[in-house]
There are 2 protein chains.
Amino acid sequence: MKLEEELKQKTFGSPYRRMAVNVMFTGNWLQKEFSCQLKQYGISLQQNNVLGILRGQYPNPATLGLIQDRMLDRDSNATRLVDKLLEKGLVTRCQCPDNRRKVDIVITEQGLELLKKTDTIMQNLEEKFCQINPEEATQIGEFMDRLRERSC
Amino acid sequence: MKLEEELKQKTFGSPYRRMAVNVMFTGNWLQKEFSCQLKQYGISLQQNNVLGILRGQYPNPATLGLIQDRMLDRDSNATRLVDKLLEKGLVTRCQCPDNRRKVDIVITEQGLELLKKTDTIMQNLEEKFCQINPEEATQIGEFMDRLRERSC
DNA sequence: CCCATATAGTTGTATATACAACTCTTGTAT
DNA sequence: ATACAAGAGTTGTATATACAACTATATGGG
C-alpha cells in the first residue's frame with residue numbers, strides 16, 4: 001500500500017519528507033514483521049541480533065562492548081539483553097580472566113540451534129520481497145548507506 | 001558509513017538481507033536524528049506526529065481512532081500520547097457531543113505555534129540529505145512502498 | 001606507591017511500546 | 001423494552017528504550 005493510503009495523508013510536502021517518513025515507517029514495519037515471527041521462539045529481534053553477533057565470534061567469546069558496537073539498536077541495554085539470553089540458556093557469561101572489568105559471553109549449543117531455526121524465518125520473510133528483484137535490493141541498500149552520509 | 005562498517009560485519013549473506021537490515025537500521029537512525037532535535041522543544045517524535053495529524057484536521061476535531069489510524073507507529077498508545085500533549089497545553093480534549101463514546105481532540109494555538117518551530121527542524125534535517133538528489137528521494141520512496149507490498 | 005583518569009559493566013529511573021482486559025456507549029434483533 | 005454484540009477509549013502490566021549515575025578495575029604520571 002502506498003504511504004499516502006497507509007497514513008491517510010494526501011501529500012508529504014517534498015520528496016525528501018516523503019522519503020524520510022517512508023523509510024521510518026517501512027523500517028518499523030520490517031521490525032514488526034520480523035519480531036512477530038520470532039515471538040514463536042520466545043525471543044525478541046534484539047535478542048536474536050545479539051545471538052547472531054555471538055555466532056559471528058564463536059567459538060571465541062565476545063564482550064558486552066563488542067556486542068553493543070554491533071547491535072542494530074545501540075541504545076538497547078546489552079547487559080539486560082544478555083541477562084535474558086542467559087535465563088534461557090542461550091549464552092554463558094563469565095568474568096574475563098585477563099581483565100576482570102570485562103565479561104566473556106559465548107553462545108551455547110542451544111543458542112546455535114535456535115539461530116538455525118530463526119535463520120529460516122528470516123529467509124522465508126526475505127523471499128516474500130518478491131516485488132523487489134535482487135538488483136533493486138542492492139540498490140536500496142546503497143541508497144540507505146548514502147542517506148546516512150551527512151558530510152555536508 | 002557503509003552498513004558493514006557501521007555494524008562491523010563483513011557480509012550480510014544476500015542482497016535482500018542486507019537491504020532489510022539496512023532499512024531497519026536507517027529507519028532507526030532517522031528516528032533518532034529527528035527525536036534528538038525535537039527534544040529541545042520537549043516533545044517526542046510520536047507526539048510531534050500526533051500534532052501534525054491534528055493540524056491536518058484543524059479546525060475540526062479528531063478522534064483517537066483517527067489519530068491511531070494515521071500514526072507512524074500504530075502501537076503507540078494514542079490515549080497516553082494525547083495525555084502528554086494535554087499536560088503541555090498543546091491540545092484540548094472533550095467528549096464528543098454526538099457520540100459520547102468518542103473524544104474530540106483539537107490542537108491549540110500553542111500547539112500550532114510549536115509545530116511551526118518543529119517544521120523548521122524537520123526541513124533543516126531534510127536539507128542535509130545532500131547525498132541524495134530529489135529524483136533519488138522519489139525513487140527511494142517508491143521502493144519503500146513496493147517493499148511493503150507482500151501480495152505473494 | 002598513590003592518585004587521577006579512563007574503561008567496562010551494572011543499576012536506576014523515566015518514558016515508551018505491545019498487548020490484553022476492562023468500561024461505557026451505541027446499534028440491532030427479538 | 002431487553003439483551004447482546006460491536007464500537008471507542010481507557011487502564012493495567014510486562015517488556016523495552018533512553019539516558020544518567022554508579023561500581024569496580026586498570027593504567028600512567030608524579
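The figures here come from the full heavy-atom set of this structure, side chains too, leaving out hydrogens, waters and symmetry mates. In what follows, chains carry the letters A, B, and so on, assigned in the order in which the sequence lines appear, proteins first and then strands, with residues in each chain numbered from 1.
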Counting just side-chain N and O atoms, does [X] come under 4.0 Å of either OP1 or OP2 of [N]?
{"X": "B:Ser44", "N": "C:dT15", "answer": "no"}
{"X": "B:Arg100", "N": "C:dT26", "answer": "yes"}
{"X": "A:Lys102", "N": "D:dA24", "answer": "no"}
{"X": "B:Lys39", "N": "D:dC19", "answer": "yes"}
{"X": "A:Ser76", "N": "D:dA16", "answer": "no"}

Between B:Leu81 and A:Thr79, whichever has its closest DNA chain C nucleotide further toward 5' is A:Thr79
Where each residue is assigned the nucleotide of DNA chain C containing its nearest heavy atom, which of A:Lys32 and A:Asn99 is assigned the position nearer the 5′ end? A:Asn99
Assess whether a salt bridge exists between [X] and [Y], defined as any Lys/Arg side-chain N lying under 4.0 Å from an Asp/Glu carboxylate O.
{"X": "B:Glu87", "Y": "B:Lys84", "value": "no"}
{"X": "B:Lys128", "Y": "B:Glu33", "value": "no"}
{"X": "A:Lys32", "Y": "B:Asp75", "value": "yes"}
{"X": "B:Arg146", "Y": "A:Glu136", "value": "yes"}

Round to the nearest Å and state the distance from [X] atom [atom1] to [N] atom [atom2].
{"X": "B:Leu64", "N": "D:dT10", "atom1": "CG", "atom2": "C1'", "answer": "9 Å"}
{"X": "A:Lys84", "N": "C:dT10", "atom1": "NZ", "atom2": "C1'", "answer": "15 Å"}
{"X": "A:Asp75", "N": "C:dT15", "atom1": "CG", "atom2": "C1'", "answer": "14 Å"}
{"X": "B:Met71", "N": "C:dA18", "atom1": "CE", "atom2": "P", "answer": "10 Å"}
{"X": "A:Arg101", "N": "C:dA8", "atom1": "CZ", "atom2": "C1'", "answer": "6 Å"}
{"X": "A:Asp83", "N": "D:dA16", "atom1": "CG", "atom2": "C1'", "answer": "13 Å"}
{"X": "A:Arg74", "N": "C:dG9", "atom1": "CZ", "atom2": "P", "answer": "16 Å"}
{"X": "B:Asn77", "N": "D:dT17", "atom1": "CG", "atom2": "C1'", "answer": "17 Å"}

Looking only at heavy atoms, which two atoms of A:Ala78 and A:Met71 are closest? And how far apart? CB-CE, 4.2 Å
Assess whether one donor atom and one acceptor atom, taken from the side chain of B:Arg80 and the base of D:dG12, lie less than 3.5 Å apart.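 Answer is yes: a donor-acceptor pair is held.
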Could you please name the option among D:dA18, C:dT10, D:dT10 that lies closest to any side-chain atom of B:Arg93? D:dT10
Would you indicate what A:Gln47 reaches in the nucleic acid, counting non-hydrogen atoms under 4.0 angstrom: base, sugar-phosphate, or nothing? sugar-phosphate
